[in-house]
Amino acid sequence: MTATATTPRVPADSRGPRASRVGRVTGSPVLRLVVKRLLMAIPIMLGVTVLTFWVLSLIPGNAAQQLLGPEATPEDIALLEQQLGLDKPGVVRYLEWLQGAVTGDLGQSIVSRQPVSEILSQRLPVTGEIVLLAFVVSLVLAIPVALLAAHKPDGVMDRISMVVSTLGLSVANYVLALLLVLVFAVTLGWLPAIGFVPLEDGLWPNLRSMILPSAAIGLPLFCFYTRFLRGDLVDQMQQEEYVTTARAKGVGSWSVLIKHAFRNSSFGLITIVGLNLGALIGGTVIIEQIFALPGIGQMLLQAINTRDFVVVQAAVVIFALVAVLANLIVDLLYAVLDPRIRYGSS
Amino acid sequence: MSKRTATYASGDSGVSEGVIDPVSLGKPSRASAAQPGEPLLVVEDLRVQFTRGGRKINAVNGLSYELTPGSMMAIIGESGSGKSVSSRALMGLLPPTAKITGSVRFEGRELIGMPERDMRALRGGDIAMVFQDPARSLNPTMKIGAQITEAVKLHSDLDKKGAHARAVELLKLVRLPAAERRFHEYPHQLSGGMRQRVMIAIALAGEPRLLIADEATTALDVTTQAQIMELLVELQQRLGMAVIMISHDLGLAASYAQDVVVMYAGRAVEHAPTGTLFANVRMPYTHALLGAIPALDREPHSLFEVTPGQPPDLSALPKGCPFRPRCPNATDKCLDDPPLTEHEPEHWWACWHPVGSGLGNDPGPRAGTGPLDPAVAADDPGLADGPDEAAGPGRHHTPNGEQR
């Protein structure tokens with residue numbers, strides 16, 4: 001045990017009184033946290049679905065009217081409403097939907113009669129891929145840039161990153177999307193302007209169709225993460241005494257930044273990434289519209305327009321679930337990274 | 001060197017001789033660059049200036065002192081007297097915005113303006129530092145073992161296994177109970193005193209010849225404070241290193257240090273061996289500091305004597321002696337900066353009218369009526385130059401750093 005135990009992730013001496021870190025994560029306190037959070041998700045789900053249902057019922061028009069168009073006679077509409085079950089009171093319709101949903105049956109689209117689970121299985125991967133790419137790219141770029149900027153505050157790199165990130169933060173992502181299309185699709189012709197190529201048609205064609213939408217979402221994120229992380233790193237470097245200790249040991253300035261300050265700054269970064277994730281899934285609505293991507297956001301927009309409440313509910317449930325899971329993952333990551341946090345022990 | 005390293009292994013059980021081969025530490029020869037009898041550290045006219053919001057703050061103003069190898073010296077002063085800043089300046093730990101001038105020679109090598117690369121080898125190697133708050137000065141996300149091994153690896157050629165063994169050995173040296181187990185714990189699992197022991201272990205990793213303890217016991221309770229101080233004294237004697245203890249606690253200095261430097265407004269105002277200093281305080285500021293220590297034999301319900309006034313604003317220092325506005329002995333003569341002079345053998349002070357010079361309200365400057373009493377201001381020129389002449393050919397630090 002002697003030499004290997006100096007690296008943080010390696011399990012500590014099993015004879016020791018403290019459980020190793022790996023043991024903490026898989027052990028029961030963590031399981032308790034997971035179960036607690038998932039149970040907490042139930043009232044959240046009920047809340048958002050009730051709210052969504054209520055708001056949808058306030059919007060004039062229903063699916064029958066939308067399907068038949070403005071020329072339809074009231075008799076036709078009434079007939080279709082009856083066929084679709086739209087003539088029942090709202091509470092009954094919600095409870096019927098809920099009954100199916102708790103048994104795993106999200107129902108079928110009122111408009112297309114397609115099962116919702118089938119629609120989701122087509123749409124989720126698209127949105128998932130955009131969001132994942134945007135996050136990975138923004139973080140992979142933001143961390144080194146923030147480290148470079150924080151190494152010499154007010155230095156050249158810091159100033160450049162400051163200008164770029166301020167610019168990136170002040171441009172709305174749909175404006176950025178249009179700019180990207182203009183430059184890389186229209187003028188340069190390097191990348192397709194719209195459309196989605198599934199992964200089955202090859203990795204590269206798929207990635208090509210995803211680069212611009214991911215960039216449109218990821219660039220503002222990159223700017224945000226860079227500013228945040230740079231600020232936190234500089235705070236750690238200038239105010240934290242453990243940084244002085246490390247320097248007094250003779251540790252080089254880069255090592256102090258990466259080994260000591262970054263590790264402590266990563267908690268803050270993880271927090272905002274987790275918060276972002278929940279909000280971002282919903283934020284893809286506009287981007288999917290611009291790039292004509294068949295994702296969840298586009299599905300939601302269409303469903304709202306056709307008053308297809310079953311599909312809207314499904315989208316809302318997915319968004320809420322992602323937000324809950326993102327927060328749960330953040331909390332679990334704290335336990336891995338920060339030794340001071342031990343779930344269930346106090 | 002062999003003698004020094006040999007003492008590391010002795011007296012500590014559980015460390016096999018084979019693992020801790022002193023030779024394998026891989027440090028270059030520790031033959032001192034300085035001549036025998038030379039001071040380990042010579043600080044001369046050290047000045048540190050910060051610029052904040054357009055104002056220039058003179059945190060250190062011509063500090064001068066010398067440190068004998070293997071001795072323990074205390075630097076005493078109130079908050080803002082520059083004691084911490086000056087020691088961080090000599091280790092190159094101040095932010096780049098700090099303007100540092102003057103000279104600091106460590107074993108004959110000039111530290112001010114030394115390239116960062118050389119400075120880094122020195123930091124944690126020949127010169128190490130322990131800080132005030134052990135709760136904040138250890139990295140909360142790293143196991144203490146990793147934090148010590150990091151320092152060991154930086155200043156030796158030991159491999160992972162050797163560094164681990166050495167780190168455990170250091171933990172035993174600072175008498176951390178259950179060193180092997182603590183090695184795998186995080187700082188938050190340790191008590192304040194144990195954390196400070198870990199800090200000392202880190203500082204010892206590079207076998208320093210100078211250890212700077214910056215208020216190292218201030219954040220600890222009194223019992224732990226005494227234990228840590230005893231440990232520092234023991235290590236100082238056992239390892240033959242010099243220790244500078246920075247403190248605001250005169251009592252602590254009197255108990256442990258061999259020499260005391262009293263700082264005020266960024267400079268040394270009195271410097272003497274501890275016994276000499278406390279038997280024969282000359283600088284009115286030191287006298288006032290001593291008077292501010294509560295004593296058990298004080299008459300109950302009597303008014304506590306405090307030094308009038310405030311420490312000077314470091315961005316607008318008064319002309320002449322910085323203590324002049326608060327000093328009961330001050331005269332017009334004090335508008336001239338008094339140099340730090342060796343008035344008596346080994347006893348340096350920077351004052352025109354020291355305690356006991358028979359001026360104005362002496363003895364007992366604390367009974368003075370206040371700063372710049374008109375009666376006191378009537379200067380006796382004959383007396384004013386007295387102490388300087390009495391010192392004869394004694395050494396002399398002027399604020400400009402020249403010696404004569």
Side-chain angles (χ1 to χ4, degrees), chain A residues 1-21 24 151-155 234 236-256 258-267 334-342 345-346, chain B residues 19 88 91-93 95-97 116-117 119-143 145-152 154-155 159-165 167-168 180-181 183-189 199 202-203 205-206 212 214:
Chain A
M1 63 153 269
T2 47
T4 49
T6 54
T7 44
R9 301 285 162 78
V10 175
D13 187 355
S14 56
R15 288 166 298 167
R18 309 276 184 196
S20 72
R21 192 181 289 175
R24 284 209 301 279
H151 185 245
K152 274 208 166 61
D154 297 324
V234 170
Q236 300 277 340
M237 291 295 280
Q238 290 178 351
Q239 284 161 19
E240 292 300 330
E241 200 69 358
Y242 70 82
V243 167
T244 316
T245 305
R247 290 183 59 214
K249 280 195 257 186
V251 180
S253 56
W254 280 109
S255 288
V256 173
I258 294 165
K259 271 182 76 179
H260 292 267
F262 177 61
R263 197 175 168 123
N264 284 276
S265 286
S266 61
F267 306 130
Y334 282 156
V336 176
L337 285 169
D338 192 339
R340 286 164 296 186
I341 297 176
R342 227 176 262 121
S345 61
S346 57
Chain B
V19 180
R88 283 173 194 227
M91 279 195 84
L93 288 176
T97 47
E116 172 65 15
R117 201 187 154 77
M119 198 67 220
R120 222 166 68 202
L122 217 60
R123 275 204 294 259
D126 288 334
I127 309 178
M129 200 159 175
V130 177
F131 298 95
Q132 174 171 353
D133 186 355
R136 292 187 66 228
S137 44
L138 287 166
N139 188 335
T141 61
M142 276 171 82
K143 287 181 181 170
Q147 301 193 45
I148 303 170
T149 344
E150 184 182 33
V152 171
L154 278 166
H155 300 287
D159 61 359
K160 209 174 173 184
K161 209 175 156 187
H164 175 104
V168 173
E180 274 287 353
R181 178 159 66 81
F183 188 91
H184 303 289
E185 295 194 347
Y186 290 95
H188 71 274
Q189 294 168 282
M199 279 299 293
I202 290 174
I212 303 172
D214 185 357

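Here is how names work: the chains are called A, B, and so on, in the same order as the sequence lines, proteins then strands, and each is numbered from 1. Quick caveat: nothing in here was measured; it's all calculated off a predicted structure.
- For the pair B:Gln147/A:Lys249, a side-chain contact is recorded, criterion being any heavy-atom separation below 4.5 Å from C-beta on.
- No other option in A:Gly252, A:Ala248, A:Ala246 has as many heavy-atom pairs under 4.5 Å with chain B as A:Ala248.
- Contact annotation for B:Met199: only side-chain heavy atoms (C-beta onward) come within less than 4.5 Å of a heavy atom of chain A.
- Residues forming a side chain to side chain donor-acceptor pair (under 3.5 Å) with B:Arg123 (at least two apart in sequence, or on another chain): B:Glu116.
- A donor-acceptor pair is defined here as one N or O able to donate and one able to accept, closer than 3.5 Å; no such pair exists between the side chain of B:Ser137 and the backbone of A:Thr245.
- Side chain of A:Arg247 to main chain of B:Gly92: a donor-acceptor pair is present (N/O by atom type, distance under 3.5 Å, no hydrogens or angles).
- For B:Leu154, the part lying under 4.5 angstrom from a heavy atom of chain A is the side chain only.
- Both the backbone and the side chain of B:Pro140 come within less than 4.5 Å of a heavy atom in chain A.
- Take B:Ala135 and apply the side chain to side chain contact (heavy atoms under 4.5 Å, CB included) test, not counting sequence neighbours, and it matches B:Asp133, B:Arg195.
- Distance check, rounded to the nearest 0.5 Å: NZ of A:Lys259 to CD of B:Glu150 gives 3.5 Å.
- Taking all atoms of both residues into account, the shortest heavy-atom contact from A:Tyr242 to B:Asn139 is CB-N, 3.6 Å.
- Residue A:Val243 does not touch chain B at all, counting heavy-atom pairs closer than 4.5 Å.
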Practice problem: Could you give me the CA-CA distance, side-chain angles and deciding distance for A:Glu241 and B:Gln132, then say whether side chain to side chain contact (heavy atoms under 4.5 Å, CB included) is met? | Solution: CA-CA 9 Å; A:Glu241 200 69 358; B:Gln132 174 171 353; 5.9 Å; no
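- Contacts between A:Gln236 and chain B at a heavy-atom distance below 4.5 Å are absent for every atom of the residue.
- Contacts of B:Arg117 with chain A are absent, with no heavy-atom separation under 4.5 Å from either backbone or side chain.
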